[in-house]
Structures are given as C-alpha cells and as structure tokens.
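See below for the structure under consideration.
Order of the sequence lines fixes the chain letters, A, B, ..., with proteins taken first and strands second; residue numbering starts at 1 for each chain.
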Amino acid sequence: MKDAVANQPANTPGETMQKDPVGGLLQVEHLRTVFRQGRREVKAVDGISFSVNPGETLAIVGESGSGKSMTAMSLLRLIPSPPGEIIDGDVFFGGRNLLDMSEDELRDVRGNEIAMIFQEPMTSLNPVLTVRQQLAEPMRVHRKVKEEDIEARCLDLLRQVRIPDPETRLDAYPHQFSGGMRQRVMIAMALACEPRLLIADEPTTALDVTVQAQILELLKDLTRQHGSSMILITHDLGVVARYADRINVMYAGRIVESGTAREIFEQPRHPYTLGLINSMPRLDASEKARLLPIEGQPPDLGNLPTGCAFHPRCPFAVDQCRQQDPPLEPYQGHHLKACWVNVDD
Amino acid sequence: MTDTPLLEVRNLKVHFKLPGSLLRPRSGGSVKAVDGVSFHLKRGETLGLVGESGCGKSTTGMAVLRMTPVTDGEIHIDGEDITHLKGRALRPLRRRMQMIYQDPFGALDPRMRVLDIIGEPLKVHKLVTGRKAYRQEVLRLMELVGLLPDMCERYPHEFSGGQRQRIGIARALAAQPDVIICDEPVSALDVSIQAQIINLLKDLQEELGLTYLFVAHDLAVVRHICDRVMVMYLGHVVEVADSEALYTNPQHPYTQALMSAIPIPDPRAESRREVDPSIEGEVPSPVNPPSGCPFHPRCKHATEVCSRVAPTLRETTDGHAVSCHLYEPETEAESLVRVASIA
C-alpha cells in the first residue's frame, strides 16, 4: 500500500491500489459455477477472473441474479451441491488452490484466513448459543487460544466492534441484540482469527441507513487496522463509491467492467455500468431530476441471449454484439471492459 | 384546484396494545406507533413520508387507508371526516384511495391471471359493464403502465419483479383513485428497474393528475419524486418542508444525520465527505420511547430540556416546519426555570 500511495498524488480510495494483479492475495481464474435443474442449466458464474491485492477493498457490484453472491460462495466452496457445481476454474489463495483442497484443509481456511459476513445477521448467528460461545468457537478451533485467555479476547473483540458494555453483553443471546448490534457481533466473529481476507456479502442491506453508515465505517477502520483485504458485495453504488478501492461490475454471471473506483464512476466504459450510474437516484441531484433507467428486464440466466448478454437492453448495441460474446479486455492499464463498442463520455 | 386539501390528517394517533402477562392482562402497555401526526396533501402533489424502520411511516399510510384502527385524531378527505366510517360506508372511500405495495411478489395472488388481478377493482366497484368493456379497460391499463396487452392471460410467477410492480400499479389505477399510497414501491427492486418505476409513477401523475403519499426509507429516491417531504422518527414528525428546502437546508439534527449517512455514488465527492459520527446508537424501542424529544439520546445538540420536554412542530420559514428545541424561542417560564436551576 505504501508504494502505491507514493506514486499516486491523490490519496483517494480509487487510486491507492494499482498493483500488478499477479502478486495478489487471492487470484480467481476462469471460475465457472452452474446450477442444474432437470435439463436446465443456469450459469450463475460464467468464467470470471479477478484478483484481490493485500490490504485492498474490492467491490463486486451487480443487480440480483448477476452472480455476485454466487462468486463469493464459490470462493469458499459454499455452493449447495447439488444443484450447484463449480465446473471449472482455480481459486489461488496464498499460493494454494482452494478448489483442489480436501474438506479438512478447507475448514482450516474458512473462518480463519478467510472469513465471511452475511447479509442477514439473525439467520447467521446461532439463536441457542450466547455471544461468548459463538465468539470463542473460531478461536478454539483455529487458534488453540488458551481457555483462560478466551474471555479477554472476546471482550477485546466486542470493544473493537464498539458494542457498549461488553462485559454484560458477552453472555447475552442473539435475540437480545438489535439488528445493527447483531451485525457487529458477526463482524467480531469474522475478525476473531484476524483473517487476511474478509468477504462481506451485502453486510448492511438489512439495516437502516444510519446504522449502515456506522457498520461500514467500522468495517473500513478495522480492515485498515488489521491490514486485511475485503471483498465487498453490494448492489448499492453509493456504498461502493465510498468504500471500494477497485470495482468489478457483474452482469449475468460475467464481469463486464473492472477498474478503480474513480475509473468506474468517472469514465464508465461499459454501457451497463453507465446505465447503472445514470439510473441511481442521488441525494445531491437537482430537484426532481429525471432518472435514466436501463430499459427492459434482466435476462433469464437459463436462457441467455446470444452474443453479449446485455445487448437486448443496450442502447449502443451493434450487429457484432448480437453474434459474438465480447471478452473482458484492457481498455487502459488495469481498467478492463467487455464490450465491442467504444462508449464515449 | 381548490384550497381545501384533498387529504388532511389531524393529530393522528395509532397505538397498539401489547399483550400483558396471564395474571395481569392489562399490564402490557402500548406501542405508540404513530403519536400525534398532522399533515395535508394537496391535489396533484406528492408528499414523501420518510424515516427508518419503526418510525411509523407505514402505519400512518395504513391508518389513512383505514386499514388499521385509529386511536385518536381525524382524517378528512375533501373536507369529509372519514375517521369513523364503518362497513359499507367505507367502500366508496376504498375506491378513492388505493395502495401500491412494497413486495411485488407477495402482493399479487399467484393463482389469478393478470387480467383478473388488474380487473378486480373494476368488478368490486362496478366500474364497467360487460365482458368486452372489462377486457378493454384492463388492456388499456396494461398499456398505460408499459405491459404488453398479450401478457394478460399469464400468471404472476411469469413476470419479473419490475413487471409485477407494474401490474400492482395498474391494479391501483383501475379504481380511478384520488390518492395513491405508495408503501416503499421501489425498495424491493434493482436499481435499473427502480428508475423505470419511479419514472412511470411520475409520468402517470402528470397524465392523470394523481396524488401520491409516498412512503419510503430512501431519501435519495424520495428526492426524485416528491414535492414535499415529511421526516418521521418514533411516531413523531420531526421536520416537514418543500423538497428543495429540506434537501438544501435540513434543520432537524435527525434529518441532517440521515442525509449524512447516505453515500453519494461519486468517489471524488465521497473522499471529501465526512460521515457525521455524531449520530450513534440505534432507534430506541417504541415500546419504551425516551422522554421528552424522542431523538435526544442520539442527538449531539441535546440539552437538559430535550430529555424533559417534547418539542412541538413549528414553522421556521414559510412551509418549513421543524420539531426541535434548537429552533424554539425560549418562553419566559422556561428561562425562569433555567435560571433557577443554574442558581
């Protein structure tokens, strides 16, 4: 991170990270996940490649059905199988391929080196165990923390996620916490083993805006403190603009554009990205400004259009888009796009 | 257009009784979901009702529709008091006020064809006569909301979320209502579809002169559709103003905090923007709301008086009203109390 800051004059989220992706912490190559239903095959993740550098926050943005959550689940092999199956690709984490590991080896990684935060904190916490029991579990399993040290560690974690009065909250059950506090407990659990990579799948979607801001600021501070990387999965472009260093935009199981936050927001090069930005209602808009929606409906993943999956909704589509699928190629440096057309400003 | 507001709500209260214990059945107390809310809605305007979960915005909408019992207060439509209408007398009212729901999956009967879903209000309120006129009217409504008329024989599961929301809108329009209460109509939709529906609602309003009560939690969405906005917190109105005034000059500390919590999709603006750390904690439980001003435990400007006395909603500038002690001139009695407490 330091050298990146040195050669970039402006220290904004969009520009702090610009490294050779080969040296990444996580390297995903040609990942392909399908769901089978009878003879129907749905391509949830369709041959995507990306990497996450140490210390950076990579956002995966897309609408429902774009494959963003399935990408995250595939990384840790949490896809329900059957009907789901990872049929191709590699996921290298610290030089080892997660997709080749045995269940036992993988268990050592999950919750330890890679931790996950889910959208719904109530269903992700165990309702019959106290917060103490749930916080202690990853430490006992992965870190062999001594029993006498566990209480102090738990209290420390609760303090880090700014839960007031941690001593009395430690023996409380999840239902005694509010939504925001539960999400803080989830974050504390995820941080228990100081993971190198945190995957946050829509961590604030179920929360009110004032609480969302608190949780996201907390995640930002804590990942920065621990030097952890984060994959932030969200549909909210506002959240992405504030918290992401780099962004992958997904549509119909593919990455259609990838770049720094600045590149994506200031020079979107894929018509879908452009459409998303234009259709986003903004608090700083002029009064009752008209939104520019993307016409049409999201595609049926089991029956994708030929060529580029976005072409039926794309105002720039040409003949080539209907016939050939555009590959994800560099537009400028590490700014990648999968589009045949040159979208000008 | 006349000066009488189409809808007027005065001091509306909706309290829900909580179950008590077995031996003391009346010990449960009550949740004051809506506690003294007043507002009016002019013909052809859109009033936004915003706030976080539990602030009473949806309950207010339901009470106006008379779908939930009103504890106290008055609701007037075109000057007529509808607060205590019962049974059959409610029916014409139901035609005049329609609702668009949040969840386009739960709001449509999965066993009904689109033709019958949209056409049901036509039958109930006897708005058309004859099969042919019925079908024609439904097809016209479908076209109006951007659905292809040949989809009318299909069932809801064959449609995407955005299309289902269009079906819900067509059904609301079928009754030719005066007021449409939109309860989070776009919050379940994807961004690209959300924009389609917001634009559709705006176009329909222009074309048909509709009046909307727009209940939402998303201040950015509200900005794009509402003429006036009312911000609620724990059953109380904390601020109400013309849209432009509210967004450029939010006065209540809660409104300010809400706005600062919403990120703007622009990394350059975001890197400069400080998230206001002053608003801490979460919305307290409405079962046991704080004394005085309901926002005082989270407010950075809170003083001693805020925890004791509930502020009243008063106009600061034309059409801009705020309920906060910061904007309240000190009365003589209060200043005496203050001086006495210092002494």
Considering only heavy atoms, which portion of A/R162 lies under 4.5 Å from any heavy atom of chain B: side chain, backbone, both, or neither?
-> neither
Residues A/V209 and B/E52: closest non-hydrogen pair is N-OE2, 3.8 Å
What's the shortest heavy-atom distance between A/V239 and B/P263, and which atoms?
-> N-CG, 3.6 Å
Minimal non-hydrogen separation, B/A220 against A/R282, with atom names | CB-C, 3.9 Å
Are B/P265 and A/L276 close enough that some pair of their side-chain heavy atoms sits under 4.5 Å apart?
-> no
List the atom of B/S53, the atom of A/D208, and the distance in Å for their closest heavy-atom pair.
-> OG-OD2, 2.6 Å
Inter-residue atom distance B/I262.CD1 - A/T210.OG1, 0.5 Å rounding = 10.0 Å
Straight-line distance of B/H224 NE2 to A/L283 CG, nearest 0.5 Å | 8.5 Å
Scanning both residues in full, the closest heavy-atom pair of B/P267 with A/A261 reads CG-O, 3.5 Å
Flag yes if more than 12 heavy atoms outside B/E153 fall under 6.0 Å of its CD atom; otherwise flag no.
-> yes
Of the backbone (N, CA, C, O) and the side chain (C-beta and beyond), which part of A/E63 lies under 4.5 Å from a heavy atom of chain B, both, or neither?
-> both
So how far is it from B/D266 CG to A/R262 CZ, rounded to the nearest 0.5 Å?
-> 8.5 Å
Close side-chain approach of B/Q194 to A/P281, heavy-atom, < 4.5 Å | yes
Is B/N199 reaching over with its side chain to a backbone N or O of A/L291, donor-acceptor style, under 3.5 angstrom?
-> yes
Determine whether more than 12 heavy atoms belonging to other residues, nucleotides or ligands lie under 6.0 Å from atom CD of A/Q225.
-> yes
Approximate separation, where rounding is to 0.5 Å, of B/I198 CD1 and A/R290 CZ | 10.5 Å
Within 6.0 angstrom of B/D150 CG, more than 12 heavy atoms from elsewhere = yes
Count the heavy-atom pairs under 4.5 Å between each of A/G238, A/G180, A/P164 and chain B, then report the option with the highest count.
-> A/G238
For the residue pair B/E270 and A/A241, what are the closest heavy atoms and their distance?
-> CB-O, 4.0 Å
